[in-house]
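Quick notes on the structure that follows.
For the single chain, residues carry numbers from 1 onward in sequence order.
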Amino acid sequence: MSKQPTIEEALADKGVSRRDFLKLCGMMATVLALPKGSAETISVALAAATRLPVIWLEFQDCTGDSESLTRAYQRPDPAVSGATDPTITNLLLDVISIDYHETLMAPSGFYAEQSRQQTIQNYSGQYLCVVEGSIPTGNGGAYCCIGGRTALSIVQEVVSHARATVALGTCAWDGGLAGAAPNPTGAVGVRQAAPSAPNLLVIPGCPANSVNLVASIVYLLTYNAWPSRNSAGLPSFAYGKEIHDNCPRHDFYENDQFVLAWGDQAHRDGWCLFKMGCRGPRTRSNCYKVKWNEGVCWPIEAGHGCVGCASSGFWDQNTPFYVPLADD
Ligand code: SF4
Ligand code: F3S
């Protein structure tokens, strides 16, 4: 078997210079809020590590997290954008090797199932299992079957041989949209469907932000452990701080300067969206820091309140979205 390239070598093959590689490591250390000197530790680890095999399971979902992944992985075309720098999310598919992903993989049917089984056998105890979507438990799991097997039995088998598991997106965390009342399929998240899932990391969001996924994987490859997590399994670097306290519109909130109608002068002037239903005061997420679309923007910056997509039970607890929260 030919020797696998290290992550640094794989990046170099794609035209990422040593200088840009070090820059990426520095950006990762910043996202992870690591102390000074950590960028060098990351660079040493990634220079030696090979890509992490991944089985990506997709169940009851809208494919939003996969969309987020593939949209993030658009290396800027210098001819079009003038940009030449590799970005954090460009790194994602260079640190992982997706061996099974129903939406992205070329094989289908029997050969797709075979790829999953081969990855389980060849990389038992080494691969990462990423779960997107909720798992239905009603009627013995009959509401989501793939290759004649229920999602429930597939997830339980795949996680039991994994090195670690990621519940990616709000559906994989707590059932998400399918799990909202009245939850006709008995949809649940990974922790409930497979309580024995080893080393579970939860990255909620609708969709989840790929920057938080890649940063967590880089941390895993560097320190052989997930970054610090809360009791629900969410990494503190990404879900430790409230959006409201870090919002660029916070001064307007403090000064009682609120948007009262979409498109009014206050809206045009970027005032606080609390009275338009913003859920920033009850949502913990680093959207204000990592943003979306390669750091271009995020919901509140775009003029829409946060709907709390990274908080537990948000479909039931945050709707209707445009009704303001009760004043603190
Ligand atoms: Fe808080 Fe939302 Fe207002 Fe920002 S826009 S200050 S998160 S209520
Ligand atoms: Fe979701 Fe609110 Fe961030 S809606 S993407 S948690 S700003």
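Side chains of H101 and V130 form no contact here, defined as non-hydrogen atoms less than 4.5 Å apart. The shortest side-chain heavy-atom distance between S210 and S68 falls under the 4.5 Å cut-off.
With hydrophobic clusters built from ILVMFWY side chains whose heavy atoms lie under 4.5 angstrom apart, V31 does not share a cluster with W298. One hydrophobic cluster holds both I217 and Y223 under the rule that ILVMFWY side chains link at heavy-atom gaps under 4.5 Å. In the hydrophobic clustering of this structure, I203 does not group with V307; members are Ile, Leu, Val, Met, Phe, Trp, Tyr whose side-chain heavy atoms approach within less than 4.5 Å, directly or through other members. With hydrophobic clusters built from ILVMFWY side chains whose heavy atoms lie under 4.5 angstrom apart, I120 shares a cluster with V54. No chain of hydrophobic side-chain contacts below 4.5 Å, direct or via other Ile, Leu, Val, Met, Phe, Trp or Tyr residues, connects V188 to L177.
Between H304 and Y322, the ring centre distance stays below 6.0 Å.
Atom CD of Q126 has more than 12 heavy atoms from other residues, nucleotides or ligands within 6.0 Å. The number of heavy-atom neighbours closer than 6.0 Å to NZ of K289, taken from other residues, nucleotides and ligands shown, is above 12.
F59 and I154 get closest at one heavy-atom pair: CZ-CG2, 4.3 Å. Between A151 and P136, the shortest heavy-atom contact is CB-CD, 4.2 Å. In this structure, I42 and M28 approach most closely via the heavy-atom pair CD1-CB, 4.2 Å. Here the shortest heavy-atom pairing between W271 and V259 reads O-CG2, 3.5 Å. Contact detail for Y219 and L34: the closest heavy-atom pair is CE1-CD2, 3.8 Å. When every heavy atom of N318 is checked against every heavy atom of S311, the shortest pair comes out as ND2-OG, 3.6 Å.
Inspection of the Y123 and Q121 side chains reveals no N or O donor paired with an N or O acceptor under 3.5 Å.
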- Message: What verdict does the side chain to side chain contact (heavy atoms under 4.5 Å, CB included) test give for R51 and I7, after you've listed the backbone C-alpha separation in whole Å, the side-chain angles of each residue and the deciding distance to 0.1 Å?
- Response: CA-CA 6 Å; R51 294 165 80 198; I7 290 167; 4.2 Å; yes
- Message: For a side chain to side chain contact (heavy atoms under 4.5 Å, CB included) check, start with the C-alpha distance between L104 and S66, then their side-chain angles and the critical distance, and finish with the verdict.
- Response: CA-CA 9 Å; L104 301 180; S66 291; 5.5 Å; no
- Carefully, step by step, assess R279 and L325 under the rule side chain to side chain contact (heavy atoms under 4.5 Å, CB included). CA-CA 7 Å; R279 297 317 193 233; L325 293 172; 3.7 Å; yes
- Message: Could you go through Q257 and R249, starting from their C-alpha distance and side-chain angles, then the distance that decides it, and tell me whether this counts as side chain to side chain contact (heavy atoms under 4.5 Å, CB included)?
- Response: CA-CA 9 Å; Q257 292 174 303; R249 300 182 188 232; over 6 Å; no
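Distance OH/Y143 to OG1/T150: 13.0 Å, rounded to 0.5 Å. Taking CD from Q114 and OH from Y111, the interatomic distance works out to 7.0 Å, rounded to the nearest 0.5 Å. Summarising the geometry, atom SG belonging to C144 is positioned 9.0 Å from atom CD1 belonging to I135; distances are rounded to the nearest 0.5 Å. Considering OG of S236 and CG of L32, their distance stands at 11.5 Å, rounded to 0.5 Å. Distance check: T119 OG1 to Y127 OH gives 8.5 Å after rounding to the nearest 0.5 Å. Once rounded to the nearest 0.5 Å, the distance linking OG1 of T63 with CG of D61 reads 4.5 Å.
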Distance-only check: which donor-acceptor pairs under 3.5 Å involve side-chain atoms of residues 158-170, not counting sequence neighbours?
{"residue": "S160", "atom": "OG", "partner": "Q156", "partner atom": "O", "Å": "3.4"}
{"residue": "S160", "atom": "OG", "partner": "E157", "partner atom": "O", "Å": "2.7"}
{"residue": "R163", "atom": "NH2", "partner": "N224", "partner atom": "OD1", "Å": "2.8"}
{"residue": "T170", "atom": "OG1", "partner": "G205", "partner atom": "N", "Å": "2.9"}
{"residue": "T170", "atom": "OG1", "partner": "G205", "partner atom": "O", "Å": "3.2"}
{"residue": "T170", "atom": "OG1", "partner": "C309", "partner atom": "O", "Å": "2.7"}

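Remark: side-chain polar atoms of R284 are paired, donor with acceptor, to backbone N or O of G240 under 3.5 angstrom. Remark: the backbone N or O of C171 is not paired with any side-chain donor or acceptor of S134 at under 3.5 angstrom. Between the side chain of D20 and the backbone N or O of V16 there is no donor-acceptor pair closer than 3.5 Å. T6 contributes a side-chain N or O that, together with a main-chain N or O of A47, makes up a donor-acceptor pair within less than 3.5 Å. Y239 places a side-chain N or O within 3.5 Å of a backbone atom of P204 that can act as its donor or acceptor partner. Looking at S216, its side chain does come within 3.5 Å of a backbone N or O of N212 through a donor-acceptor pair. A donor-acceptor pair is defined here as one N or O able to donate and one able to accept, closer than 3.5 Å; no such pair exists between the side chain of R229 and the backbone of V202. Between the side chain of Q60 and the backbone N or O of A187, no donor-acceptor pair lies under 3.5 Å. Looking at D65, its side chain does come within 3.5 Å of a backbone N or O of A208 through a donor-acceptor pair. When atom types are taken as modelled, the side chain of D316 and the backbone of A181 share a donor-acceptor pair closer than 3.5 angstrom.
Note on ring orientation: taking the six-membered ring where Trp is involved, the planes of F321 and F314 are parallel (angle under 30°, cut-offs 30° and 60°).
With sequence neighbours left out, C297 forms a side-chain contact (heavy atoms from CB on, under 4.5 Å) with E301, A302. With sequence neighbours excluded, the residues satisfying side-chain contact (heavy atoms from CB on, under 4.5 Å) with E242 are H244, D245.
Checking each of T50, I96, L46 against L221 for a side-chain contact (heavy atoms from CB on, under 4.5 Å) leaves exactly one that passes, namely L46.
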